[in-house]
Visitor: 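I have a structure I would like to understand better, so I am pasting it below and will then ask my questions one at a time.
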There are 2 protein chains.
Amino acid sequence: MQKHDSFDDFTPLTPTAAIAPATHGWRAKCLQRLIRLDLPVPATVALPASTVRAIAAGHPVDAEGILAHFGPAPLVSVRPSPENPDWGGPSTILNVGLGPALHARLSETLGPEAADTLFLRFIQGYAIHVARLDPDLFDGLTPGPEGVRAALRAYEQETDEPFPEDPARQLAEVLRTMARAWEGTTARLLRQAKGAPPEAGLGLVVQAMAQGFGPGCSGSGVIQFVDPVTGLHRVTGRYLGQSQGRDALRHRGAIYLTRDPRGPSLEELSPDIFADLLRHGEVCRRRLREEMQIEFTIENGALRVLDAVKVQRSSRAALRIAVSLAEDGVITRDEAVLRVEPRALSELLHNQVDPRMPRDRIARGIAASPGAATGRIVFSSAAAQASASRGEPCILVRRETAPEDIRGMHSAAAVLTERGGMTSHAAVIARGLGLPCVVGASDLRLDTRDRKFVTADGRTFREGDIITVDGTAGEALSGAPEMLPPALDETFHRLLSWADAVRDIGIRANADTPADAQTARDFAAEGIGLCRTEHMFFDEDRLVVMREMIFADTSKDRAAALARLLPMQRDDFAQLFDIMHGLPVCIRLFDPPLHEFLPHSREGLRELAEALDRPLSEVTRRAEALAEFNPMLGMRGVRLGVVLPEIYDMQARAIFEATAETARRGDPVVPEVMIPLVSARREVELVKTRIDAVAAAVRVKSGVDFDYRLGVMVETPRAALRAGEIAQHAAFLSFGTNDLTQMTYGLSRDDAGRFMNTYVNEGVFPEDPFHVLDVDGVGELLHIGAARGRATRGDLTLSICGEHGGNPESIAFCRRENFDYVSCSPYRVPQARLVAAHLALQDRRNPAPG
Amino acid sequence: MQKHDSFDDFTPLTPTAAIAPATHGWRAKCLQRLIRLDLPVPATVALPASTVRAIAAGHPVDAEGILAHFGPAPLVSVRPSPENPDWGGPSTILNVGLGPALHARLSETLGPEAADTLFLRFIQGYAIHVARLDPDLFDGLTPGPEGVRAALRAYEQETDEPFPEDPARQLAEVLRTMARAWEGTTARLLRQAKGAPPEAGLGLVVQAMAQGFGPGCSGSGVIQFVDPVTGLHRVTGRYLGQSQGRDALRHRGAIYLTRDPRGPSLEELSPDIFADLLRHGEVCRRRLREEMQIEFTIENGALRVLDAVKVQRSSRAALRIAVSLAEDGVITRDEAVLRVEPRALSELLHNQVDPRMPRDRIARGIAASPGAATGRIVFSSAAAQASASRGEPCILVRRETAPEDIRGMHSAAAVLTERGGMTSHAAVIARGLGLPCVVGASDLRLDTRDRKFVTADGRTFREGDIITVDGTAGEALSGAPEMLPPALDETFHRLLSWADAVRDIGIRANADTPADAQTARDFAAEGIGLCRTEHMFFDEDRLVVMREMIFADTSKDRAAALARLLPMQRDDFAQLFDIMHGLPVCIRLFDPPLHEFLPHSREGLRELAEALDRPLSEVTRRAEALAEFNPMLGMRGVRLGVVLPEIYDMQARAIFEATAETARRGDPVVPEVMIPLVSARREVELVKTRIDAVAAAVRVKSGVDFDYRLGVMVETPRAALRAGEIAQHAAFLSFGTNDLTQMTYGLSRDDAGRFMNTYVNEGVFPEDPFHVLDVDGVGELLHIGAARGRATRGDLTLSICGEHGGNPESIAFCRRENFDYVSCSPYRVPQARLVAAHLALQDRRNPAPG
């Protein structure tokens with residue numbers, strides 16, 4: 001048997017006892033704080049984790065010694081006290097110490113009814129939790145002398161021994177049972193899933209029972225001082241006369257806690273006690289620096305505080321509570337910032353399905369873009385646009401989306417796809433648009449021809465039926481459940497402004513459209529880090545010209561088509577510059593393969609042939625000739641810029657003319673022009689030479705002197721490796737971590753969905769690398785690229801602009817590598833600002849060595 | 001004017017004069033050697049490059065001083081003497097010094113006819129080359145006094161001055177003209193294209209004319225002592241009486257050089273002179289250590305040797321000459337090895353279109369696989385197989401080839417495709433099979449439905465027409481031109497065995513079939529470095545089972561289909577082991593995406609549905625579901641191995657059962673099992689665990705104890721970066737540079753063809769990185785992977801097995817990085833062996849610092 005230092009055995013709680021969460025658990029520590037605050041806490045003894053571990057290992061328990069602290073014939077409760085309240089623990093056991101002798105005495109003091117109730121409860125609890133008897137044995141037993149006898153008989157029959165009468169033995173068994181329960185495999189796995197270390201121990205708290213049964217004003221309840229859903233100040237809770245423990249939460253009695261038109265309340269009946277509760281709440285808030293829920297018992301008119309825990313709260317309540325505590329000077333602003341979990345912010349930006357309402361789930365997929373929206377089903381982008389033009393919200397349901405679905409996505413209230421992963425086209429675009437989106441709902445069987453889908457349970461939904469996409473939960477629901485609105489109020493903005501005050505890395509937004517840019521500004525992004533220009537060409541009238549350009553036989557014809565696109569592009573950029581008001585705007589030159597702009601169907605090709613006035617056979621042949629085996633690795637990005645330089649010429653002219661126009665209106669802007677898919681320095685040189693020439697020409701023609709910055713999007717491993725020489729011609733490098741991840745792993749994000757789940761579940765990849773930046777592989781390339789680029793050019797601006805941009809892990813990485821900013825979807829900007837603030841504050845607390 | 005050291009002005013050639021190729025050029029040096037060998041070389045003066053440069057810059061020429069070395073009234077020739085004979089230079093000018101006075105004297109000594117001929121020639125040559133007059137002015141002038149007068153008149157009319165009579169002035173002008181010609185832009189570009197440095201200078205050689213005109217035995221000729229096509233010892237050359245310079249090469253006279261049934265010969269008429277020539281040839285061979293061609297003049301019965309140059313030679317002659325010189329002890333074996341250009345070897349392995357025959361070119365493309373073959377056009381693999389079964393050679397003409405064309409390619413004599421680049425499917429497979437192949441013949445317009453193609457000049461070729469593919473030249477020819485057979489004789493093998501004696505890096509072959517393996521052994525590969533197993537499943541009977549496996553609904557069904565493939569795979573491996581006879585065989589586990597095994601046409605899907613007895617709609621749906629956006633980056637390689645482990649289980653079992661079987665026959669082999677497309681260590685762990693289990697099971701069941709080595713094919717940038725941890729579970733790393741290049745550049749080799757030409761022509765990429773290893777980018781990943789892998793495991797075997805394996809640049813890189821071996825197509829093994837030997841020998845000559 002292990003030897004234990006008897007000093008550790010147990011500690012009566014006094015204001016000065018040596019109690020710490022790491023040894024005695026959070027509950028013991030919390031109770032000690034309540035004692036220090038002079039709250040009326042019953043006598044309490046804390047057992048440290050070392051003692052509990054010894055008990056579990058078979059060490060004898062000094063139950064008599066513990067009970068000696070509670071006076072003669074005590075009645076006690078035993079509660080779990082792990083280091084962190086989230087780690088769970090065995091159930092509380094009440095009324096330990098109750099045997100026939102005490103039962104008889106309680107019959108006198110509390111009345112026979114209350115005594116029988118308590119005894120029956122204790123016999124049941126002990127039998128089930130300690131002796132591990134079948135709960136069914138006690139079904140149908142009613143309080144009263146008969147019930148007690150039947151329970152004692154059942155216990156004796158099953159265990160072949162009488163119910164233990166000795167309080168010390170009862171307590172010893174209860175402690176041993178609770179200690180062993182903590183060691184069970186299930187309990188261990190559950191708490192480890194919540195972040196507990198393998199060696200986490202359990203403290204236990206033994207406390208004198210306060211009796212809510214009996215004469216006078218007696219009962220028990222819980223009270224809290226804020227609304228757990230809204231976070232607003234409001235007293236809520238439950239009270240139940242003639243009760244103990246958490247009875248009040250299970251039963252509704254005849255007395256309400258607060259004034260209530262439906263009946264009498266504790267507030268009215270015992271205003272002194274109610275005032276004490278309010279006072280205790282305020283003391284807790286000030287001194288524990290937190291909104292607490294207080295568990296109390298009233299014993300014949302005397303208030304006892306048994307416990308206090310942090311109020312459970314919704315994301316929006318958490319934010320409001322933190323801000324309120326800081327404004328009242330209870331905590332600092334930094335502390336308030338740290339108290340809000342960044343991931344929770346996204347819930348505040350969008351409608352949410354009310355969690356209290358029933359859900360009729362019809363499909364489950366990947367939660368690709370948060371928020372919820374209801375609308376009528378449509379199966380094509382055309383139908384979505386038609387629906388939008390009628391003012392009817394619609395849900396776009398597709399096998400997967402392609403660039404030509406952009407307009408349809410803009411028109412839809414939400415998107416649901418059968419295929420795809422976190423970084424599929426649908427997911428990326430939906431996040432950019434702040435549109436609820438569920439992808440990879442592979443249990444749907446879609447039949448786009450008949451405009452319907454069938455769910456796993458055989459229900460058929462057709463175009464026009466109403467469904468709801470819950471992009472936060474990754475589910476599609478039938479019908480239109482109740483929603484909670486977004487919470488973008490003053491409190492939200494105040495907290496983020498505090499976050500900005502400590503943040504030390506820039507946050508920009510990826511924004512392709514004026515709407516995106518407006519969202520980015522609303523969320524206080526410090527500029528646009530990635531404006532993808534190709535989306536601008538999917539507008540119906542532009543698409544026709546685009547296709548003429550693609551089918552042009554000569555450089556001259558191509559230039560003519562591009563000349564018609566020029567004014568449209570110029571307007572695009574002028575609008576963005578206006579909205580961004582002098583903040584930097586980084587424009588990526590045309591990137592996708594040209595075949596993305598061609599129709600895929602025979603029908604579409606026929607229309608195109610008519611529009612271009614060319615034979616169908618020729619249009620088909622040339623469209624086929626443009627097709628690629630691996631479009632991701634094909635003729636796109638700077639390769640187009642080198643081979644068909646007229647496209648970049650036009651875009652550069654549009655950018656610079658818009659710059660000159662904006663400058664003339666007195667709002668100068670320094671546009672950033674970014675070259676995509678670079679793999680060699682010479683590509684940058686060639687493009688830079690032409691763009692410089694265009695800039696010079698526009699300066700002369702407009703008479704406006706403007707600056708611009710030219711940079712490179714680092715998306716290929718080679719560009720990262722050669723960043724030293726590439727930086728000779730680049731003012732900035734922005735890492736496109738989507739493509740870089742694809743190429744580093746040799747893994748197409750569009751095709752990875754088929755096995756990514758298996759891979760993550762089997763731990764082949766610790767995380768989906770398209771979701772969480774792969775620091776080991778892709779990260780090393782970022783590190784190499786950044787270091788080599790900066791070695792060439794000390795003032796090189798560094799950033800990432802992939803889907804990873806908004807992730808906590810990526811932001812942490814970019815801060816470590818001294819990047820200038822991260823750029824993410826507009827709707828992820830608030831989270832990114834908060835994450836960056838958390839990281840800066842954590843660094844202050846734990847400064848990095850060196 | 002520049003000051004020049006007069007010492008440098010010119011140097012009369014004597015055995016001890018300070019003459020070096022770097023200062024006076026190769027010709028001056030060669031002539032000095034001939035003088036040292038006591039050959040009858042006329043008096044010669046050499047001008048160093050510094051002098052020539054000064055002359056070009058306007059420095060006056062000391063022509064009188066030069067002429068003083070040749071006695072009174074000399075007649076001289078001026079020839080170019082660059083440092084390297086390949087760098088070209090201005091044309092030789094003969095008979096300088098000839099004016100009316102000398103003309104009159106020559107009329108007496110040589111006769112008026114010869115004197116007129118010489119004078120007319122000189123006037124013409126001087127007028128055209130020095131005075132830059134139009135050659136047309138002298139058309140139709142016939143030798144004779146009339147012609148001379150007309151020429152002098154024409155000169156005077158055009159230049160407004162009389163033809164210069166002063167020999168010193170003539171020489172000065174000739175020297176100045178030749179010196180300036182060397183500085184011309186075209187001349188500079190041409191020689192730089194042949195490797196000359198920008199600062200390369202020109203030496204000039206002034207030599208007393210030997211007169212092949214006149215009384216007695218007079219004439220000129222060239223003689224060589226080996227056949228320039230075969231390299232065999234045989235005296236060949238030309239002789240022309242009453243001639244000078246290279247006249248004999250342009251005109252056929254009445255006297256042959258050697259005995260000839262058609263007429264008298266120098267050999268018979270002047271046996272002493274002929275014997276002298278043979279003796280001079282032998283002296284040159286022994287002392288200049290080379291087969292020389294001698295240019296000579298006979299002046300009234302006296303032999304003069306004007307010059308000697310290396311015999312021009314075909315690749316096969318070069319090899320035979322080098323081996324013969326070494327066997328005769330003239331040069332060392334190492335020297336012989338260095339004298340054979342590795343790239344030339346490939347010409348010896350295959351039929352070649354005879355270069356002396358006329359060519360009717362019908363298409364031009366990329367020379368994807370060397371050699372030439374003639375056959376009837378077929379447009380499908382089925383037709384190719386039918387043709388082969390009739391024993392008729394055929395040429396497979398396709399837009400591009402796909403894995404299902406493998407059987408057709410095996411049946412074809414050569415392959416011609418409209419699309420694709422050096423590393424397209426057709427090119428890679430053809431090189432592996434040693435099949436002549438031209439890809440990317442984009443000037444063809446293919447019409448597979450009507451079974452014809454139309455050439456750029458409008459000719460139509462139909463199925464059955466006979467054409468020839470010249471894969472060495474990258475051309476398709478009409479009809480069946482004459483061929484030269486391969487030259488894989490004893491000499492070839494002897495030279496390579498000398499190469500092997502100095503080589504210090506291993507050479508293995510990529511071999512998928514028994515035929516490949518046999519070729520690999522015939523070319524003395526030291527093992528198989530890459531056996532791609534997927535080709536084994538395209539056999540018709542296997543394909544059916546393969547498709548059953550793909551469509552299996554359960555792991556059990558899949559295993560059942562695989563069980564039927566097992567014995568076939570086992571036979572595949574047993575055959576390879578037999579052929580390789582204990583040499584290492586590295587087998588790559590299944591790699592391609594499964595959809596490559598499905599039919600692409602509706603017709604094919606219907607047949608498949610019947611074969612599988614499933615509804616067409618289901619088969620179509622599942623085939624569509626398997627399709628991928630970017631197959632290169634999709635569900636293939638180890639990803640299949642992790643998600644559908646039964647496939648690798650079967651392959652491992654087949655490998656180990658074949659190993660056990662081979663061992664039982666007394667021929668133990670240690671198979672190497674290679675996992676493709678790895679990007680994370682855990683992938684290797686998972687596969688290794690299962691393969692180890694299969695090996696243990698086969699050991700128990702067979703009762704044979706065998707070893708095997710498990711390794712990883714490094715094809716993703718991430719695998720290279722993480723090689724340190726991957727090497728924990730790998731005995732070897734083999735870099736698949738094809739895929740690694742694709743991923744490092746973000747560039748699909750199948751799609752790069754569209755712009756690679758532009759890219760290479762504009763210098764964006766210095767070379768096609770699929771052709772020449774990109775040392776800067778991909779090479780750094782190889783370096784990182786090798787270093788990190790070896791840091792983990794000092795005895796890690798390192799190799800490359802991509803298409804780059806056989807390239808000189810790659811072999812050089814791999815030697816520098818201390819790789820163990822390179823693996824390349826069987827037909828590139830000889831070249832690789834020779835390249836490796838060259839590198840080792842070059843290192844011995846110029847040891848690397850440190």
Side-chain angles (χ1 to χ4, degrees), chain A residues 400 419 593 625-640 642-643 677-683 685-686 715-722 725 739-752 754-755 758-759 762-766 769 774 776-778 780-781 784, chain B residues 400 419 593 625-640 642-643 677-683 685-686 715-722 725 739-752 754-755 758-759 762-766 769 774 776-778 780-781 784:
Chain A
E400 60 220 336
R419 298 193 190 155
L626 281 173
E628 293 182 304
F629 295 100
N630 295 288
M632 169 61 45
L633 309 176
M635 173 85 160
R636 50 179 280 250
V638 70
R639 295 162 193 166
L640 278 173
V642 168
V643 176
L677 207 71
V678 164
S679 64
R681 176 186 58 176
R682 182 88 182 117
E683 291 170 324
E685 277 173 354
L686 287 173
E715 297 161 279
T716 67
R718 196 172 192 280
L721 293 169
R722 307 305 295 166
E725 54 180 26
D739 278 13
L740 192 58
T741 300
Q742 299 194 72
M743 290 167 193
T744 305
Y745 275 89
L747 185 56
S748 154
R749 67 179 184 201
D750 293 319
D751 299 310
R754 198 167 295 154
F755 57 91
T758 310
Y759 255 53
E762 300 207 358
V764 185
F765 296 162
D774 161 42
D776 289 344
V778 179
E780 180 168 11
L781 287 175
I784 289 173
Chain B
E400 61 217 337
R419 298 194 190 153
L626 281 173
E628 293 183 303
F629 295 101
N630 294 287
M632 169 62 45
L633 309 176
M635 172 85 160
R636 52 180 278 253
V638 69
R639 295 161 194 167
L640 279 173
V642 168
V643 176
L677 206 71
V678 164
S679 63
R681 177 186 59 175
R682 182 87 183 119
E683 292 170 324
E685 277 174 354
L686 286 173
E715 297 162 280
T716 66
R718 196 172 192 279
L721 293 169
R722 307 305 296 165
E725 54 179 26
D739 278 13
L740 191 57
T741 300
Q742 300 194 76
M743 291 167 193
T744 305
Y745 275 89
L747 184 55
S748 154
R749 67 181 183 199
D750 293 319
D751 300 310
R754 198 167 295 155
F755 57 90
T758 310
Y759 255 54
E762 301 208 356
V764 186
F765 296 162
D774 160 43
D776 289 344
V778 179
E780 180 168 12
L781 287 176
I784 289 174

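Keep in mind the model is a prediction, meaning the values are calculated, not measured. Any value given below was found using the heavy atoms of this structure, including those in side chains, with hydrogens, waters and symmetry copies removed. A note on names: the letters A, B, ... follow the listed sequences, proteins ahead of strands, and every chain is numbered from 1.
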Visitor: Which one, A/V643, A/L740, A/L721, leads in non-hydrogen pairs under 4.5 Å with chain B?
Guide: A/L721

Visitor: Go through the atoms of B/R419 and report whether side chain, backbone, both or neither lie under 4.5 Å from a heavy atom of chain A.
Guide: side chain

Visitor: When you compare the side chain of B/L633 with that of A/M632, does any pair of heavy atoms fall below 4.5 Å?
Guide: yes

Visitor: Go through the atoms of B/T758 and report whether side chain, backbone, both or neither lie under 4.5 Å from a heavy atom of chain A.
Guide: side chain

Visitor: If I measure from the heavy atoms of chain A, does B/R639 come under 4.5 Å with its side chain, its backbone, both, or neither?
Guide: both

Visitor: Of all of B/P631, B/G634, B/G637, which one pairs up most often with chain A through heavy atoms under 4.5 Å apart?
Guide: B/P631

Visitor: Side chain from CB out, backbone as N, CA, C, O: work out which of these in B/E762 comes under 4.5 Å of a heavy atom of chain A, or both, or neither.
Guide: both

Visitor: Using every non-hydrogen atom in the two residues, find where A/V678 and A/T716 come nearest and quote the distance to one decimal.
Guide: O-OG1, 2.9 Å

Visitor: Taking the side chain from A/E715 and the backbone from A/L677, do they hold a donor-acceptor pair closer than 3.5 Å?
Guide: yes

Visitor: Spell out, as yes or no, whether a donor-acceptor pair under 3.5 Å connects the side chain of B/N630 to the backbone of A/S748.
Guide: no

Visitor: Between A/V764, A/V642, A/L640, who has the most heavy-atom pairs with chain B when the cutoff is under 4.5 Å?
Guide: A/V764

Visitor: Please identify, among B/A752, B/G777, B/G746, the residue contributing the most non-hydrogen atom pairs under 4.5 Å to chain A.
Guide: B/G746

Visitor: Is any side-chain heavy atom of B/Q742 closer than 4.5 Å to a side-chain heavy atom of B/L747?
Guide: no

Visitor: Are B/T741 and B/D774 side-chain neighbours, meaning at least one heavy-atom pair lies under 4.5 Å?
Guide: no

Visitor: Is chain B contacted by the side chain of A/A720, its backbone, both, or neither, given a heavy-atom distance below 4.5 Å?
Guide: neither

Visitor: Do any N or O atoms from the side chain of A/E683 and from the backbone of A/S679 form a donor-acceptor pair under 3.5 angstrom?
Guide: yes

Visitor: Please rank B/V778, B/L686, B/D739, B/D750 by heavy-atom pairs under 4.5 Å with chain A and give me the top one.
Guide: B/D750

Visitor: Which region of B/E628, side chain (C-beta onward) or backbone (N, CA, C, O), has a non-hydrogen atom less than 4.5 Å from a non-hydrogen atom of chain A, or is it both or neither?
Guide: both

Visitor: Contact between A/T744 and A/L781 at the side-chain level, heavy atoms closer than 4.5 Å - yes or no?
Guide: yes

